Structures are given as structure tokens and as C-alpha cells.
Chemist: 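Sharing a structure here in C-alpha cells format.
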2 protein chains.
Amino acid sequence: MNPELFLQLDRVIHEKGRLAIMSALAASPELAFTDLRNLLEMTDGNLTTHIRTLQQAGYVSVAKSYRNNRPLTTCSLTPAGRKAFADYVNLLEQIVRQNKPN
Amino acid sequence: MNPELFLQLDRVIHEKGRLAIMSALAASPELAFTDLRNLLEMTDGNLTTHIRTLQQAGYVSVAKSYRNNRPLTTCSLTPAGRKAFADYVNLLEQIVRQNKPN
DNA sequence: AAAATGTACTTTGCATGGCAAAGTGCAATC
DNA sequence: GATTGCACTTTGCCATGCAAAGTACATTTT
């Protein structure tokens with residue numbers, strides 16, 4: 001059992017809500033605020049704060065515009081975010097491999 | 001991308017410190033407080049609180065005794081804890097599989 | 001045209017929770 | 001007998017998740 005693995009887990013990503021956001025953004029080039037909210041069934045407030053955290057970490061970029069007479073916030077992974085997420089998933093993979101019986 | 005997976009992540013286990021503890025306990029039948037502290041390089045206070053959380057969740061059993069003129073606290077997984085951890089690892093596996101490119 | 005409703009967020013407040021510093025109890029050593 | 005050391009526990013602080021309430025603007029209703 002290697003304790004190093006757990007220490008390396010990125011706190012910013014290792015959070016249910018943000019992990020879901022990162023995972024969703026990894027699958028599509030960009031998603032609107034409302035897309036994420038509908039997909040992940042998060043409350044608005046919860047979503048904004050998680051997005052802000054990810055943005056401040058440099059993992060997602062946020063673009064605010066105005067379409068169809070409504071505000072439109074679009075999020076996408078930055079290269080750093082993509083890398084951090086890939087690293088995180090690799091760590092998870094090692095943890096799983098270490099803990100699966102077979 | 002399946003958002004259900006993330007919702008299902010057990011909050012008690014999905015925490016670096018406790019995940020490490022569960023993983024360590026899954027690998028050995030029992031471990032002493034000091035074993036865990038040395039292995040995981042956690043502070044004493046941090047370790048006690050995490051152990052208490054896991055105990056209150058019914059995931060680890062804690063036995064306090066006195067050996068070699070010193071207190072000895074031994075921890076081990078309960079059946080429920082073993083199951084919860086196995087479920088958690090399976091979830092991680094699915095998340096990894098969903099997010100690994102190939 | 002004023003009021004109400006709806007959408008797209010943001011801010012605020014609370015309650016939980018991680019963390020380590022300080023504290024406790026006991027035994028051995030100086 | 002005072003001090004050191006070990007094995008924990010308690011306390012206090014700070015960060016953070018979360019949702020309720022708030023803001024801004026556009027549309028619909030009366």
C-alpha cells in the first residue's frame with residue numbers, strides 16, 4: 001500500500017461536485033452554465049462557487065456573453081485543467097488497481 | 001458522461017485522509033493507531049478525528065487496550081466498512097473507465 | 001404601463017469539517 | 001520528584017460546501 005498516492009490527490013478536483021464538472025467538461029469542448037446545471041442537477045449557487053474555484057485554479061476558462069436576450073456563461077477546460085484532470089484520473093486508476101482484489 | 005456516478009460517491013470515504021485509512025485497513029486485518037500515523041504521516045489529531053468519523057459511520061471498529069505499559073488502539077474494517085470500500089472502489093473504477101481516453 | 005413571472009446567474013449566511021496546536025494521562029528515566 | 005517521552009484527545013480556527021435569498025434583465029400578464 002502506497003500512501004504517496006493519496007497525498008497527491010488534487011484537492012481542487014477531488015470533490016464530488018467539481019469532479020463531475022471536470023468530467024463533463026472533459027467530454028465536450030464547452031458547456032454553458034445551464035447545461036452543467038441541468039446535467040449535474042446542482043443548485044445555481046453551488047455551481048457558481050465550484051466553477052469559480054476551478055477558474056481560480058486555472059483549470060477552466062469562463063466566457064460571459066449575451067445570446068437570445070439572456071446572459072450566457074460558457075465554460076471549457078484550459079490546457080492546465082485538462083492536464084490536471086488527466087493526472088487525477090491516472091492517480092485514481094492506480095488507487096483502484098491497488099485496491100481491487102484481483 | 002453519467003452524473004449518477006459522482007452523486008453516489010460516499011462522502012465518508014471520499015476524503016483523502018479517510019480514503020488512505022480505509023485503503024490501509026483493507027490491506028491488513030488490523031492496524032494500530034501508531035501504525036496508521038507512521039504509515040500515512042498524519043498528525044495525531046487529524047488521525048483521531050478521521051478514525052472517529054469512520055467509526056461513527058460503522059466502517060471501522062476500534063479496540064482500546066494496554067500493552068507494554070502503553071495505550072494501544074487497534075483499528076480494523078467492519079464488514080460494512082469492507083463493503084462500503086469495495087463499492088467505493090468500484091465506483092472509482094467506473095469513473096476512471098469513463099474518463100480515460102482509450 | 002405597472003406588476004408579475006421567468007431566466008441566468010451571484011452573493012450571503014450557515015453549518016459542517018479538516019487540521020494542527022495545545023492538552024491529558026501514564027510510564028520511564030534522570 | 002521533575003522531566004522527558006509516548007499515545008492519544010480536545011479545542012479552536014479557518015476553509016469550504018451548500019442553498020436561500022438577492023440582483024439584473026427580459027417577457028408576459030392584467
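Order of the sequence lines fixes the chain letters, A, B, ..., with proteins taken first and strands second; residue numbering starts at 1 for each chain. As the structure is a computational prediction, the values presented were derived from the model and not from experiment.
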Chemist: Can you tell me if A/Arg67 uses its side chain to pair, donor with acceptor, with the backbone of A/Leu72 under 3.5 Å?
Modeler: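 Judged by distance alone, no pair lies under 3.5 Å.
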
Chemist: When you get a sec, tell me which of C/dG18, D/dA19, D/dT9 is the closest nucleotide to the side chain of B/Phe33?
Modeler: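 Looking only at heavy atoms from C-beta outward on B/Phe33, the closest nucleotide is D/dT9.
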
Chemist: Figure out the NZ/C1' separation between B/Lys16 and D/dA15, and round it to whole Å.
Modeler: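 These atoms are roughly 15 Å apart.
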
Chemist: Please give, in whole Å, the distance from D/dT16 C1' to B/Glu15 CD?
Modeler: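 Nearest whole value for this atom pair: 11 Å.
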
Chemist: Assigning hydrophobic clusters by single linkage (Ile, Leu, Val, Met, Phe, Trp, Tyr; side-chain heavy-atom cutoff under 4.5 Å), is A/Leu25 placed with B/Leu7?
Modeler: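 No: no chain of side-chain contacts under 4.5 Å links A/Leu25 to B/Leu7.
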
Chemist: Any side-chain to backbone donor/acceptor pair from A/Arg18 onto A/His50? Under 3.5 Å, distance only.
Modeler: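 Between the backbone of A/His50 and the side chain of A/Arg18 there is no qualifying donor-acceptor contact (under 3.5 Å).
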
Chemist: Which is true for B/Arg67 with a 4.0 Å heavy-atom rule: it touches a base, it touches only sugar-phosphate, or it touches nothing?
Modeler: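 Result for B/Arg67 = nothing.
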
Chemist: Could you check how far CG of B/Asn68 sits from C1' of C/dA27, rounded to whole Å?
Modeler: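 Value for this atom pair: 12 Å.
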
Chemist: For the side chain of B/Arg70, counting heavy atoms from C-beta on, which of C/dC19, D/dA7, C/dC9 is nearest?
Modeler: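 Nearest to the side-chain atoms of B/Arg70, counting from C-beta on, is D/dA7.
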
Chemist: Let me know the distance between CG of B/Leu19 and P of C/dG18, rounded to the nearest Å.
Modeler: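 About 13 Å, once rounded to whole Å.
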
Chemist: Under 4.0 Å, counting only non-hydrogen atoms across every strand here, what does B/Leu72 touch: a base, just sugar-phosphate, or nothing?
Modeler: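 Sugar-phosphate contact only.
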
Chemist: Would you say A/Asn68's side chain and A/Arg70's backbone share a donor-acceptor pair under 3.5 angstrom?
Modeler: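 Between the backbone of A/Arg70 and the side chain of A/Asn68 there is no qualifying donor-acceptor contact (under 3.5 Å).
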
Chemist: How sharply is the helix from C/dA1-D/dT30 to C/dC30-D/dG1 bent, taking the axes over five pairs at either end and rounding to 10 degrees?
Modeler: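 Comparing the axis at each end, I get an angle of 30°.
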
Chemist: Without swapping roles, check the side chain of B/Lys16 against the backbone of A/Leu9 for a donor-acceptor pair under 3.5 Å.
Modeler: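 Side chain of B/Lys16 to backbone of A/Leu9: a pair is present.
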
Chemist: So if I apply the side chain to side chain contact (heavy atoms under 4.5 Å, CB included) rule between A/Cys75 and each of A/Leu54, A/Leu31, A/Asp35, A/Ile51, which one comes out positive?
Modeler: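 Running side chain to side chain contact (heavy atoms under 4.5 Å, CB included) over A/Leu54, A/Leu31, A/Asp35, A/Ile51 with A/Cys75 returns exactly one hit, A/Ile51.
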
Chemist: Could you tell me whether the side chain of B/Asp87 and the main chain of B/Ala84 form a donor-acceptor pair under 3.5 Å?
Modeler: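 A pair under 3.5 Å: no.
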
Chemist: Verify the contact: side-chain N or O of A/Arg11 to OP1 or OP2 of C/dC19, cut-off strictly under 4.0 Å; return yes or no.
Modeler: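 The answer is yes; a side-chain N or O of A/Arg11 sits under 4.0 Å from OP1 or OP2.
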
Chemist: Please tell me if B/Thr49 has a side-chain N or O lying less than 4.0 Å from either OP1 or OP2 of C/dG18.
Modeler: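 Looking at the OP1 and OP2 atoms of C/dG18, neither is under 4.0 Å from any side-chain N or O of B/Thr49.
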
Chemist: In this structure, how many angstroms lie between the P atom of C/dC9 and the CZ atom of A/Arg52, rounded?
Modeler: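 Answer to the nearest Å: 14 Å.
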
Chemist: Within the 4.0 Å heavy-atom criterion, would you say B/Thr48 contacts the bases, only the backbone, or no part of the nucleic acid?
Modeler: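 The residue B/Thr48 makes base contact.
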
Chemist: Taking only side-chain nitrogens and oxygens of A/Arg37, does any of them come within less than 4.0 Å of OP1 or OP2 of C/dT7?
Modeler: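 Checking A/Arg37 against C/dT7: no side-chain N or O falls below 4.0 Å of OP1 or OP2.
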
Chemist: I need the CE-P distance between B/Met42 and C/dC19, as an integer number of Å.
Modeler: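 Rounded to whole Å, this separation is 7 Å.
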
Chemist: Please report, rounded to the nearest Å, how far the C1' atom of D/dA15 is from the CG atom of B/Asn46.
Modeler: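 For the pair B/Asn46 CG and D/dA15 C1', the rounded distance is 14 Å.
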
Chemist: Does C/dA8 have OP1 or OP2 under 4.0 Å away from a side-chain N or O of A/Thr34?
Modeler: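 So the side chain of A/Thr34 is outside the cut-off, no N or O lying under 4.0 Å from OP1 or OP2 of C/dA8.
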
Chemist: Which part of the nucleic acid does B/Asn69 contact within heavy-atom distance under 4.0 Å: base, sugar-phosphate only, or nothing?
Modeler: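 Result for B/Asn69 = sugar-phosphate.
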
Chemist: Just compare C/dG18, D/dG17, C/dA8 and give me whichever is closest to any side-chain atom of B/His50.
Modeler: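 Taking heavy atoms from C-beta onward, the closest nucleotide is C/dG18.
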
Chemist: With no hydrogens and no angle check, do the side chains of A/Thr78 and A/Ser61 hold a donor and an acceptor under 3.5 Å apart?
Modeler: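 Distance-only check fails for A/Thr78 and A/Ser61.
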
Chemist: Roughly, in whole Å, what's the span from NE2 in A/His14 to P in D/dT16?
Modeler: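 These atoms are roughly 15 Å apart.
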
